[in-house]
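We count residues from 1, following the sequence as given.
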Amino acid sequence: MERNLYKRITLFSVAAVAAIGCSKEWLTPKPLSFYEPGIALSDANGMYSTLTACERNMRHEYFGDNPAALTEIIQSEVAVEGTTDKAGPQMDMDISLLPDAQLNSTDYTKVGWYWYEGYKGVKYANSVISRIDNATFKDENEKNAVLGAAYFQRAYRYFKLTHQFGNVPFLDKEIEEPKYDFYSYDRWSILERMKKDLEFAYQWVPEKVDRGRTSKSACGVLLMKVCMALTDFDRAIQVGKEIVALHPLMKSRFTSNSTKPNTNLMFDLHSVEAKLFVANTEGLMYVVSYPSIDGSDRIRTMRNAVPFWNSSNIKTPDGKAGTSVPLAAGETDPALDLNKSYGRGIGRLRPTWYYTNEIWRSDKEANDMRGILNKDSWRRMEDIKYNHPDLKKNNSVWYGKNLVKPAAMSVEDTIRLWFSWPHYKVFVPDPLQTQWEGGETPWYIYRSAEVFLMLAECYYWKDDLAQAAINLNEVRTRAGASPLTAADVNIGEILDERARELYYEENRHIELVRIAYTYAKTKKPCEIFGGRVYQLDNISGPGGINSNVKQMGVNFWYDRVVSKSNFYNKGVKHRWAEYKVSVHHILWPVPANAINTNIKGVINQNIGYPGAEKNVPPLQVE
């Protein structure tokens with residue numbers, strides 16, 4: 001009965017939560033009919049099992065073909081959509097990001113995924129929060145730990161929602177009947193409530209938990225982010241210092257990879273083994289998927305982030321088919337097994353020149369283990385060898401030779417087939433599959449390295465550039481980069497360092513939006529744009545249907561993306577689309593279905609999208 005009712009609630013795409021056990025069993029989905037809230041939420045075990053649904057959904061953001069996390073990366077300056085063989089993928093945002101577009105599709109964009117899955121996570125968390133006083137616990141500590149974990153999961157969704165969609169509906173309790181009267185709430189008041197909840201969580205959630213669960217330090221990282229969004233930099237610094245004191249960076253090699261040739265500390269840190277290693281002090285929160293455990297997912301990072309080297313358009317200089325997943329008969333040279341050496345990519349996530357080249361300077365990052373100047377860590381198309389079986393069969397002189405870029409390669413193929421990539425970061429063995437696309441592995445959500453970078457940013461906002469440099473250098477020197485001085489520090493340098501360290505980890509769009517709001521809220525002149533001062537009241541631009549404003553100076557997000565990406569608004573086009581972005585895309589469109597089916601209330605549409613003319617003043621969270 002309750003399950004049928006929930007299907008009618010417009011904000012949620014709902015699957016009922018199973019009552020499941022602890023340890024690795026929590027990965028395995030259970031039949032939906034097992035869900036009986038009054039029974040499943042009667043004690044700590046039942047409530048943690050319900051929160052497992054939140055933790056599983058966190059994993060879905062990063063795992064699979066074109067996971068939602070790619071949309072967050074693509075809506076920034078570090079990468080673009082690389083699928084150039086069809087119309088539809090998110091390239092021309094003036095077309096792709098419309099309220100009635102396909103906003104939750106592997107072939108288009110996952111903007112809508114964040115809306116629907118975000119509120120699904122809120123629902124699960126609220127079911128625990130609303131029933132906390134009716135359950136039985138062994139003591140007050142256990143009760144508060146459960147409540148704190150639920151607060152974290154709710155705040156995790158609202159932090160994303162308020163930076164992706166701005167003013168959004170706020171739900172702080174379980175919904176037990178059909179509801180059609182949702183209203184948008186002021187994003188700042190939502191964040192204030194999340195700060196209060198996270199302070200509670202940071203106090204009561206234990207530090208030592210099973211991998212994949214919510215820890216005290218995970219609560220602390222999210223608390224830092226919310227504090228920074230609210231410009232409470234002193235509290236963010238206090239929490240950050242506490243976290244890094246307990247969780248130092250891994251500065252020495254520490255996995256079985258240390259004996260492998262052509263590897264380094266960065267390979268260790270981002271290997272499957274490192275994410276399983278209990279003594280890894282740097283990992284603060286993970287989503288988990290264990291090899292050979294039922295219910296696990298494949299992360300498919302190589303499919304998403306590696307060039308489409310297996311394309312039939314990769315040819316030898318004399319025009320023959322150049323590459324192949326299957327090896328030539330009798331071939332034993334591992335360098336010619338491109339599938340297992342690099343992973344079989346389709347070039348979906350195409351990094352920009354900014355990420356592949358600009359941030360890796362020949363002086364300051366010459367010895368940086370994370371960068372393209374390190375030939376062990378990165379791979380270039382020129383590293384790949386021609387291996388097609390027909391080349392060997394016909395005694396071609398090109399068999400086993402390194403790839404040569406065709407002089408007349410099309411724009412489509414240049415985008416999708418020919419770019420460099422951070423092999424150390426995205427290579428995940430996939431031994432159970434014929435085509436290696438990225439197998440089961442835990443994945444970092446938060447690491448101490450990001451905490452140091454957030455500390456550096458906090459000091460930047462406080463105009464303490466010496467301390468900002470000290471915290472940046474904690475991360476830089478570990479990687480082998482040269483230390484920076486206070487004179488080097490600006491917001492660009494901080495964002496560059498985040499790109500170097502957190503590619504394919506951070507929600508890059510969210511971080512740029514958070515910074516954009518901070519500039520507008522504090523009125524701090526932005527030194528990388530000539531002292532430009534931004535305003536809150538027009539952060540999305542002037543609005544108007546089909547306005548699609550492309551003007552510098554409206555918000556930091558737009559200025560940063562357009563100034564650094566060599567794709568957006570530069571006239572880069574191919575057969576199917578031109579890469580375009582507008583100032584109002586700082587915030588995403590609320591899916592039209594969520595608005596249209598909310599017949600007794602008003603969910604506001606963001607400025608710049610059709611429907612915004614019907615907006616009403618947002619409510620305040622009390």
Side-chain angles (χ1 to χ4, degrees), residues 15 18 20-30 49 51-70 72-73 106 110 113 117 209-215 218 250 254-257 260 263 266-280 282-306 325 337-346 348-349 421-447 502-506:
I20 54 179
C22 298
S23 190
K24 294 180 182 178
E25 290 183 6
W26 73 282
L27 284 163
T28 309
K30 304 298 186 197
S49 294
L51 292 176
T52 289
C54 295
E55 293 158 349
R56 271 206 311 270
N57 283 14
M58 289 174 67
R59 182 182 72 200
H60 295 162
E61 182 181 359
Y62 291 89
F63 282 66
D65 183 21
N66 194 15
L70 266 61
E72 265 289 329
I73 301 170
T106 298
K110 290 294 184 70
W113 183 97
E117 294 297 322
V209 296
D210 291 339
R211 189 143 300 183
R213 303 287 190 182
T214 302
S215 68
M250 300 297 289
F254 62 100
T255 74
S256 57
N257 292 306
K260 295 180 181 178
T263 62
M266 294 298 106
F267 276 90
D268 280 1
L269 183 63
H270 295 285
S271 65
V272 178
E273 294 86 350
K275 295 162 189 166
L276 294 170
F277 188 47
V278 294
N280 180 350
E282 186 166 338
L284 305 176
M285 188 169 194
Y286 306 76
V287 286
V288 297
S289 184
Y290 295 109
S292 303
I293 297 296
D294 288 342
S296 291
D297 291 336
R298 295 164 62 216
I299 196 162
R300 305 182 85 176
T301 41
M302 291 109 79
R303 175 178 173 81
N304 294 317
V306 172
V325 171
D337 191 344
L338 309 185
N339 178 49
K340 294 182 180 179
S341 294
Y342 308 107
R344 200 272 190 182
I346 66 167
R348 189 184 293 281
L349 186 69
W421 73 97
H423 173 74
Y424 78 95
K425 194 72 170 288
V426 302
F427 185 79
V428 179
D430 204 359
L432 300 181
Q433 305 296 321
T434 301
Q435 293 189 5
W436 281 31
E437 297 180 345
E440 293 93 347
T441 179
W443 200 252
Y444 295 119
I445 298 297
Y446 299 142
R447 288 191 289 125
L502 300 173
Y503 185 76
Y504 217 111
E505 287 182 71
E506 67 170 335

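- Minimum interatomic distance between T52 and R213 (heavy atoms only, all atoms of both residues): OG1-NH1, 2.9 Å.
- Distance alone, capped at 3.5 Å, places no donor-acceptor pair between the Y342 side chain and the H423 backbone.
- Residue G343 comes nearest to V306 through the heavy atom pair O-CG1, 3.8 Å, listed as atom of the first residue, atom of the second, then distance.
- Contact record, V272 with P442: CG1-CD, 4.5 Å, taken as the closest heavy-atom pair.
- Looking only at side-chain heavy atoms (C-beta outward), Y503 and L349 come within less than 4.5 Å of each other.
- Here the straight-line distance linking atom CE of M266 with atom CE of M250 works out to 10.5 Å at 0.5 Å rounding.
- With sequence neighbours excluded, the residues that form a ring-ring contact (aromatic ring centres under 6.0 Å, His included) with Y286 are Y444.
- Judged by distance alone, the side chain of N257 and the main-chain N or O of D268 form no donor-acceptor pair under 3.5 Å.
- Remark: side-chain polar atoms of S215 are not paired, donor with acceptor, to backbone N or O of M285 under 3.5 angstrom.
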**OP:** For the pair Y504 and W421, evaluate side chain to side chain contact (heavy atoms under 4.5 Å, CB included) and give the outcome as yes or no after the intermediate values.
**Re:** CA-CA 11 Å; Y504 217 111; W421 73 97; over 6 Å; no
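- Closest heavy-atom contact between W113 and A68: CE3-CB, 3.4 Å.
- With sequence neighbours excluded, the residues satisfying side-chain hydrogen bond (donor to acceptor under 3.5 Å, both in side chains) with N57 are E117.
- Between I445 atom CD1 and R59 atom CZ the span is 11.5 Å, to the nearest 0.5 Å.
- In this structure, CE on M58 lies 14.5 Å from CH2 on W443, to the nearest 0.5 angstrom.
- Applying the ring-ring contact (aromatic ring centres under 6.0 Å, His included) criterion to F63, with sequence neighbours excluded, gives no partner residue.
- Residues Q433 and R298 have side chains in contact (heavy-atom distance under 4.5 Å, counting atoms from C-beta outward).
- Taking 4.5 Å as the limit, some side-chain heavy atom of R447 sits within range of a side-chain heavy atom of L269.
- Atom CD1 of I346 and atom CE of M302 lie 13.0 Å apart (nearest 0.5 Å).
- Between the side chain of S289 and the main chain of D297, a donor-acceptor pair closer than 3.5 Å is present.
- The line from CZ of R303 to OG1 of T301 is 12.0 Å long, rounded to the nearest 0.5 Å.
- In this structure, the side-chain contact (heavy atoms from CB on, under 4.5 Å) partners of T106, at least two apart in sequence or on a different chain, are D65, N66, K110, R348.
- Among residues two or more places apart in sequence or in another chain, the ring-ring contact (aromatic ring centres under 6.0 Å, His included) test is passed with F267 by none.
- Between T214 and V209 there is no side-chain heavy-atom pair separated by less than 4.5 Å.
- Ring orientation note: the planes of W436 and F427 are tilted relative to one another, at an angle of 30° to 60°.
- The minimum heavy-atom distance linking S271 with T255 is given by the pair OG-CG2, 4.0 Å.
- A search for side-chain contact (heavy atoms from CB on, under 4.5 Å) contacts involving Q435 returns V325, N339, R344, E437, not counting sequence neighbours.
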